Amino acid sequence: MSIYIEDDLQFKTKNVIRNPDHDWFRETLKPYYVVTADGQYLFGNTQPGRRPDCAFYIPPEGYRLGKGQRTFDREIGLKLFDVIQRYLTSCRVLILEGIQGEAEYKTGLRMVISLENPHTAYIAWFGKLMIYPPEDGMDIHCWNYIVQERLPEDVVEEIHSFWPEFDPDEPLTLYDLTRMDEDHRRVMSLRVDYFGGAFKKPNLTMVWNRGEAQGLVSYHAGCTETRVLKGLSGTGKTTLTVGPHLHQDDACLGLLLTNSSDRVEKVQVIGLEAASYAKSEGLTSTSPEWPGLMKSRKKHPDGTREVVLAQNIDCEGIEYKIEEIKGHPVRVPRLISGERIGSLQCTRYEKAGTTNGRFIFRFDALNPDWQPGTDKWLKTEMLSFRRFDIFQPLIRITDPAMAVALDSGCETIITSAIGGKIPGTRVRSYAATDFMAREQAHQALLKLKVYSDMGLGQYTASKIEGGNLVFAIVNSGYVGEHNFEGKQRRRLDEKGHDIPKIDKATGKPALDGQGKPVYYGLGDKIRVEDTKRLVDLVENHRIKTWIPHPVFGEGYLLPSPAELEKDHGMKGYAERFNPLKYYSAEEYLELCKRDIRERTRHLSDLFSGQQGKEKLEDVIRVWERCKLPTPDEIRQFYKRHYE
């Protein structure tokens, strides 16, 4: 008996485990996890984050990839797929099937996962929670082949016969898009043991690519019933979205509804996932995600607990070790001799060696009314930046070109969530994602149409009038923390020494993911409660008075600090977030000039050579139109509005 996987690819039934239940995973994966005192299943793996630097694409003839997306030799790539598929037919494999998307737009997925290294099954268990279950008779449009173990020498030799440079010890993710016109996409991951790199990111890349090809807008975003909030990893999109109105925390599509004149009137938001793959860094019992992490405490009538899966998080009584299990080296959590397994320690990182600990919980853990297919119509679109200098806690944008420019260059510092890059590096990224597999100009032009057709409002005498869509940006970082070079400006004690931060959860000095001390800086942290309050105010149109930015003008608006303090309970807002508390007017202007230069250069480089670039010239040059004030005018502005 055989099971057909793709076209003429078939596997012997005796070698296949298909769509197993939780009990199968619990039993099979026992050597690889510990159960914490609160009931989470805790795993380890060697790679601390995704490796976009190891991802490549085989596009169709004439297809244009975007900036930063690297092509792979077509002949070699297709031969490699053939070799890996033949190898998998000789292995014991797990086949996991499911759906990403909701009733309005669904994509069928099939994952084929080698069990030669049984540790790889943890990826399937995480994946089982992340996607919607399969449906009878569903069509498969995307295939994902995952091989974590080192390939046998005979297979390596065969690959070397047509690709001599192949390194069997290095991770590789390869997308085959050559048959996308037939609605057929596939990906393989070799030597990738991080769930986000082998399962989540590859699947979303294919599903987003499919949606984009059919005229939908892709969002690396969380959503409620009326809002999407986009952000790069570590910028807080999950933290800012979770709560009683949570519907998605990472991945959506927008289905455009147009009138007879092809004018966009509405955007229907479609969620792609069934659960959150949330970051654990810094979580405490007061964090919005905490109820999801602790859902495992809930026991069902049969004595079993709600399934919450975690990886690479410090935990009382455990350490992480590399062990050889069933012939394969794996990183696993182990009980420390003489201790007991306790609770997860989300503010400690020494044992895990990364701040990118993760856990999975279903959305209904926080939103009891959550269910796929709930109507969601876009009324507010937000970006979450992570800046540490002059960027304010909230900006509202009414200029469609400026909105596309900011969306096309989301700003943050790199966290350990993305491998291959140094944490702390200041970067800009198109639409807060590296998940695209097409020219960025394609989606930028579509968004420009959405923002222009729906309208972002018009600034008139301190008010915003009209518009069917609110576009705003929040900063989840600091004001005044970094200098011009991006280095922390540290606070000193009376003896001139740096002041270390103390971890409130443990009472010990706080350490980063590399085990280095964390110090107090001179800036003011924009707290989660600050940002959540601002998100609520702007999306519910409760802020009445807006102020044009002194450099970027009437399309780039600041909320009135006086109104925030007087009417909305945000005491001390003006004093905390006045940039001239931290920088001179001259330094402030130099930072603005740097932003103008870097933003313009980023956009010009991003869209260079892409189809439709000429229609994006207003977007690319939007910052150069800004008129720079004098230092005295900057001082007068902040004295008038922030003092």
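Any value given below was found using the heavy atoms of this structure, including those in side chains, with hydrogens, waters and symmetry copies removed. Fair warning: this is a prediction, and the values are worked out from it, not measured in the lab.
- At a threshold of 4.0 Å, the pair K67-D605 does not count as salt-bridged, since none of the basic side-chain nitrogens sits closer than that to a carboxylate oxygen.
- Comment: D595 does not engage R597 in a salt bridge, judged by the lack of any side-chain N to carboxylate O separation of less than 4.0 angstrom.
- Remark: R599 qualifies as a cation-pi partner of F552 under the 6.0 Å distance and 45° angle criteria applied to the six-membered ring.
- For the pair R489 and Y583, the cation-pi criterion (under 6.0 Å, within 45° of the ring axis) is fulfilled.
- Taking the ring centre of Y478 as origin, the terminal cationic atom of K525 falls inside the region bounded by 6.0 Å and 45° from the ring axis.
- The pair D53-R70 does not count as a salt bridge, with every side-chain nitrogen at least 4.0 angstrom from each carboxylate oxygen.
- Taking the charged nitrogens against the carboxylate oxygens, E539 and K379 have no contact shorter than 4.0 Å, which rules out a salt bridge.
- Residues in residues 544-556 take part in these side-chain hydrogen bond (donor to acceptor under 3.5 Å, both in side chains) pairs, two or more places apart or across chains: T545-E563, H549-Y588.
- We find that D453 and K266 are not joined by a salt bridge, their nearest charged nitrogen and carboxylate oxygen being 4.0 Å or further apart.
- The existence of a salt bridge linking E411 and R428 is confirmed by a sub-4.0 Å separation between a basic side-chain nitrogen and an acidic carboxylate oxygen.
- Judged by the 6.0 Å distance and 45° axis criteria, K501 is positioned over the aromatic ring of Y520.
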Test D364 against K295 for salt bridge (Lys or Arg N to Asp or Glu O under 4.0 Å), laying out the working first.
CA-CA 10 Å; D364 53 15; K295 192 72 172 180; over 6 Å; no

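- Taking K201 as the reference, nothing meets the salt bridge (charged side-chain N to carboxylate O under 4.0 Å, His left out) condition, with sequence neighbours excluded.
- A salt bridge does not link E381 with K447: every distance from a Lys NZ or Arg NE/NH1/NH2 to an Asp or Glu carboxylate oxygen is 4.0 Å or more.
- K593 pairs by the salt bridge (charged side-chain N to carboxylate O under 4.0 Å, His left out) definition with E590, not counting sequence neighbours.
- Residues passing the ring pair (Phe, Tyr, Trp, His ring centres under 6.0 Å) test with F363 are W370, sequence neighbours excluded.
- Listed by chain and residue number, D498 satisfy the salt bridge (charged side-chain N to carboxylate O under 4.0 Å, His left out) test with R490 (two or more places apart in sequence, or in another chain).
- K128 meets the salt bridge (charged side-chain N to carboxylate O under 4.0 Å, His left out) test with no other residue; sequence neighbours excluded.
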